[in-house]
Amino acid sequence: MSSYDPASIEKKWQEYWQENKTFKTTTDKDRPKYYVLDMFPYPSGSGLHVGHPEGYTATDILARYKRMKGFNVLHPIGWDAFGLPAEQYAVKTGTHPRKTTENNITRFREQLQMLGFSYDWDREVNTTDPDYYKWTQWIFLRLFEKGLAYEDEQPVNWCPELGTVLANEEVIDGKSEVGGYPVVRKPMRQWVLKITEYAERLLNDLDDLDWPESTKEMQRNWIGKSIGAEIDFPVYEHNDEIRVFTTRPDTLFGATYMVLAPEHHLVDEITSDEQKEKVEEYKEYAAQKSDLERQELTKEKTGVFTGAYAINPANNKEIPIWIADYVLAHYGTGAIMAVPGQDERDWEFAEKFDLPIIRTVEPPEDFEGKAYTEDGPAINSDFLNGLKITDAKTKIIEWLEENGVGKKSVNYKLRDWLFSRQRYWGEPFPIIHVDGEPKAVADDDLPVELPEVDNYQPTKDGEPPLAKAEHWVETTDPETGKKALRETNTMPQWAGSCWYYLRYISPEFDGAPVEPEEEKYWMPVDMYVGGSEHSVLHLLYARFWHKVLYDCGVVSTEEPFQRLVHQGMILGELEYTAYEKDGKIISADEVEEGDDVNRKPLDESDVEKKGDRHVMKGTEITVNSKAHKMSKSRGNVINPDDVVDNYGADSLRLYEMFMGPLEQVKPWSTKGVEGVNRFLNRAWRLFFGDNHEEEILNITDEEPSKEQLKVLHEAIQKVSEDIEGLRFNTAISALMIFVNEANQWEGVPRSVAEPFVKLLSPFAPHIAEEIWSKFGHDESLAYEPWPELVEEYLKAETIDMPVQVNGKVRANITVPAEKSKDKDFVLGLAKQQENVERYLDDTTIVKEIFVPGRIVNLVVK
RNA sequence: GCCCGGGUGGCGGAAUUGGUAGACGCGCCGGACUCAAAAUCCGGUGGUAGCGAUACUGUAAGGGUUCGAGUCCCUUCCCGGGUACCA
């Protein structure tokens with residue numbers, strides 16, 4: 001049998017790689033290292049979708065390529081296996097989450113192996129393994145020791161319908177992601193990590209990272225640094241001061257009222273007796289608003305006067321103090337000085353409640369808006385008058401500091417990280433409570449293992465499931481012998497994924513999360529590939545932990561991930577849809593919101609392009625042409641198992657890389673898979689002919705021709721450069737060009753065939769190994785040296801150059817390579833071209849443009 | 001609203017520092033092989049006109065810089081992602 005049969009060869013080589021531990025990583029410190037990492041997968045019950053292999057193939061190509069380039073490559077995989085779905089399944093069925101998780105991991109592992117990824121399976125880690133979470137707990141204790149982990153009453157997302165607390169990411173538009181039930185905020189004792197202490201470093205160190213600019217920008221916005229001032233406003237006839245944060249201290253003279261968040265600690269104290277009832281009512285109203293309602297009601301400002309007045313320290317005027325929920329308790333000081341003249345929100349509020357407005361920045365003559373937030377000279381501002389914003393700020397801050405009523409100040413939007421969950425399936429905190437005080441479990445007593453429980457439901461009042469494991473909860477403090485209670489919250493899923501990249505380096509090491517010498521060699525991660533949905537949270541949290549570990553001396557780099565790339569989402573196949581309303585097909589652009597329409601899927605052959613729109617063939621009816629996100633409900637989900645069954649893993653890998661640039665969103669096309677599958681068949685037949693009786697090796701021992709060397713080395717150049725630049729789509733196109741060329745040859749010289757197979761191997765490793773072994777090699781080609789480019793072979797004997805007259809191509813000339821830089825020769829030849837002469841007749845040449853080896857342009861009048 | 005990306009054939013996408021727009025693949029058209037089909041192979045394929053050489057036109061729209069613009073600058077439109085009372 002000589003035809004290409006992916007099913008048998010893929011299985012064969014997957015077994016070979018595993019049995020021979022082909023991809024076991026060694027740490028030979030004389031060689032350069034390359035750490036290429038995939039984002040930690042959550043092993044869900046539904047298995048891999050086609051999005052997974054995209055990033056994984058990209059990193060696998062890099063890993064295989066770098067090995068052949070002589071690098072020690074660390075390319076590991078593992079499981080971010082704590083998490084809600086296994087727990088919800090446990091609540092429903094009573095199945096222990098450990099069991100579900102194990103099953104899912106087995107399935108995921110099989111699927112990844114089926115795709116031929118070159119992971120070092122001896123380094124597999126699993127966050128739910130006590131040997132792993134021992135170190136997650138150990139890191140938590142370092143945070144605790146440094147005062148970076150503390151307990152606090154914090155509002156959590158309580159879902160009465162589900163009887164459980166939800167994480168922020170499980171709440172969508174104020175409703176539970178599962179079931180769509182309302183979620184309310186309820187204060188509970190929580191563990192919180194002081195990420196805000198690292199805000200400045202997290203912000204500054206972004207600059208040197210080789211990350212997508214958009215991701216860095218998102219992190220910057222999330223951290224949300226703003227520079228301004230804190231100003232103290234004395235409260236009239238009270239012995240209190242209200243401190244505000246403002247980025248516009250220059251507008252202080254325009255502060256005509258103040259607003260406190262309804263939760264502000266001074267509200268009760270300053271509220272006058274007449275206003276007490278209204279204020280209480282409003283506080284109640286604001287507290288009950290869910291996030292959803294807050295969002296919906298953004299248009300209308302609400303608020304209540306407290307009856308109290310503050311003194312504006314700039315001009316000693318009395319200004320009223322209001323409370324309103326447009327001021328957020330958790331940002332700045334939870335209180336603002338309202339400057340309606342220069343702030344749109346304050347303007348809106350002032351208009352509604354009839355509060356005075358003073359402009360302190362002169363708007364331009366033609367300004368017609370309300371609040372003016374742009375730059376301009378200060379007015380109505382005493383000693384600031386005439387100054388532009390920047391100068392006015394400097395001056396007022398000086399004045400505030402001299403008078404002891406305020407100072408320059410920096411504020412961050414970033415908030416401390418709510419780090420506990422009321423769940424079973426997570427890492428237990430290594431904390432006991434003695435006399436009501438939290439106390440660290442000794443390092444030697446780690447891990448604190450998860451206890452067994454009868455069921456996984458939280459208690460009725462929202463206490464975590466672990467509270468039910470009474471024997472586990474009730475313990476004694478080994479130091480004092482006192483009664484102690486274990487912490488019953490567990491850590492969020494982020495915990496395990498915050499440091500997993502370190503554990504891969506020395507998964508067996510028992511002295512610390514990572515072995516120090518190995519860590520110095522392997523860190524930082526050279527290439528990190530994963531979805532942009534992790535742009536902020538995971539990547540920020542992991543950077544935070546890494547910096548803490550750096551401060552503890554556990555790691556040697558300030559940042560974990562030097563280079564980051566996001567793979568783009570893969571959408572379903574392109575769909576054409578016609579709309580039917582009241583039994584009639586109507587144009588897509590006539591469909592109005594709320595219309596009751598039927599969607600009718602159309603076949604590609606029923607559609608044609610007219611102008612810039614797609615229409616039903618022969619009509620003017622516009623149809624919709626769009627690729628949608630894959631979803632079960634839409635029924636456009638592509639299952640990688642099916643693709644592998646039909647075309648093989650090499651075709652799936654190749655297609656996912658050939659679709660387009662890695663970072664881009666792109667639609668799936670099964671026809672496209674067939675295309676790359678055809679390519680692999682052609683490549684196979686290039687070497688083995690198509691005789692069905694017996695196998696014919698179609699390679700020769702002849703010396704390659706100049707032409708053959710040129711074709712080969714063009715491929716070497718393009719493929720090497722494109723892998724380095726992550727342009728896998730064009731690298732594959734270069735491989736195709738090679739095969740197209742080589743197919744015209746009588747036979748392929750071995751010295752050309754072998755390098756080509758190596759070029760193919762990172763992309764389609766199974767077929768490459770098979771061809772390689774059929775060439776007579778006994779060992780895997782995984783560590784064969786990558787083909788060297790010889791520039792000499794790239795040189796062409798002749799060069800084609802276009803000849804333009806007034807910028808339009810009128811002829812093409814072929815010149816000997818050595819003459820291509822000879823201006824006189826090339827121009828002479830160009831002017832002789834028949835079709836050029838036509839355009840030169842009766843004209844004068846005013847300029848001759850000659851770009852050596854590229855183009856000739858004759859400018860005539 | 002604000003901040004990032006991005007608009008190139010029927011489709012996915014290529015195009016060094018500005019230098020032949022449409023590489024490669026899909027689809028489509030024609031041909032070979034076949035009793036036939038599939039597979040495979042060969043040729044063609046942005047649009048318009050022409051038998052053809054060729055000409056005009058064409059990278060969301062409009063304008064500009066340049067010998068020359070998909071690429072640089074300005075204005076507008078559309079699509080995708082993020083974010084949203086952050087003082």
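Hydrogens, waters and symmetry mates are skipped; everything else that's a heavy atom, side chains included, is used. Chain letters run A, B, ... following the sequence lines, proteins first and then strands; every chain starts at 1. All values derive from a computational prediction rather than experimental measurement.
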Asks: Using a 4.0 Å heavy-atom cut-off, does A:Ile737 contact any base of the nucleic acid, only the sugar-phosphate backbone, or nothing at all?
Replies: sugar-phosphate
Asks: Going by a 90° cut-off around 0, is B:G9 syn or anti?
Replies: syn
Asks: Scan every strand shown for a Watson-Crick or G-U wobble partner of B:C56, both distances under 3.5 Å, and answer none if you come up empty.
Replies: B:G47
Asks: So what's B:C72 paired with, Watson-Crick or G-U wobble, going by both distances under 3.5 Å?
Replies: B:G64
Asks: Using a cut-off of strictly less than 4.0 Å, decide whether A:Lys626 has a side-chain nitrogen or oxygen near OP1 or OP2 of B:G80.
Replies: yes
Asks: A:Arg838 has a side chain; which of B:U54, B:G81, B:G13 sits nearest to it?
Replies: B:U54
Asks: Could you check which nucleotide pairs with B:C24 in any of the strands shown, counting Watson-Crick or G-U wobble with both distances under 3.5 Å?
Replies: B:G12
Asks: Taking the minimum atom-to-atom distance to the side chain of A:Lys671, which one of B:G27, B:G19, B:G82 wins?
Replies: B:G27
Asks: Across the strands shown, which category fits A:Phe738 at heavy-atom distances under 4.0 angstrom: base, sugar-phosphate, nothing?
Replies: nothing
Asks: Output yes when at least one side-chain N/O atom of A:Lys808 is less than 4.0 Å from OP1 or OP2 of B:U57, else no.
Replies: yes
Asks: Using a 4.0 Å heavy-atom cut-off across all strands, classify A:Gly675 as base, sugar-phosphate, or nothing.
Replies: sugar-phosphate
Asks: Which nucleotide, in any strand shown, forms a Watson-Crick or G-U wobble pair with B:C41, with both distances under 3.5 Å?
Replies: B:G31
Asks: Using Watson-Crick or G-U wobble geometry with both distances under 3.5 Å, which nucleotide pairs with B:G1?
Replies: B:U83
Asks: Kindly assign one of parallel, tilted or perpendicular to the pair A:Tyr257 and A:Phe349, based on the angle between their ring planes and the thresholds 30° and 60°.
Replies: parallel
Asks: Where each residue is assigned the nucleotide of RNA chain B containing its nearest heavy atom, which of A:Gln664 and A:Ser733 is assigned the position nearer the 5′ end?
Replies: A:Gln664
Asks: Within the structure shown, what part of the strands sits under 4.0 Å from A:Arg810 by heavy-atom distance: base, sugar-phosphate, or nothing?
Replies: sugar-phosphate
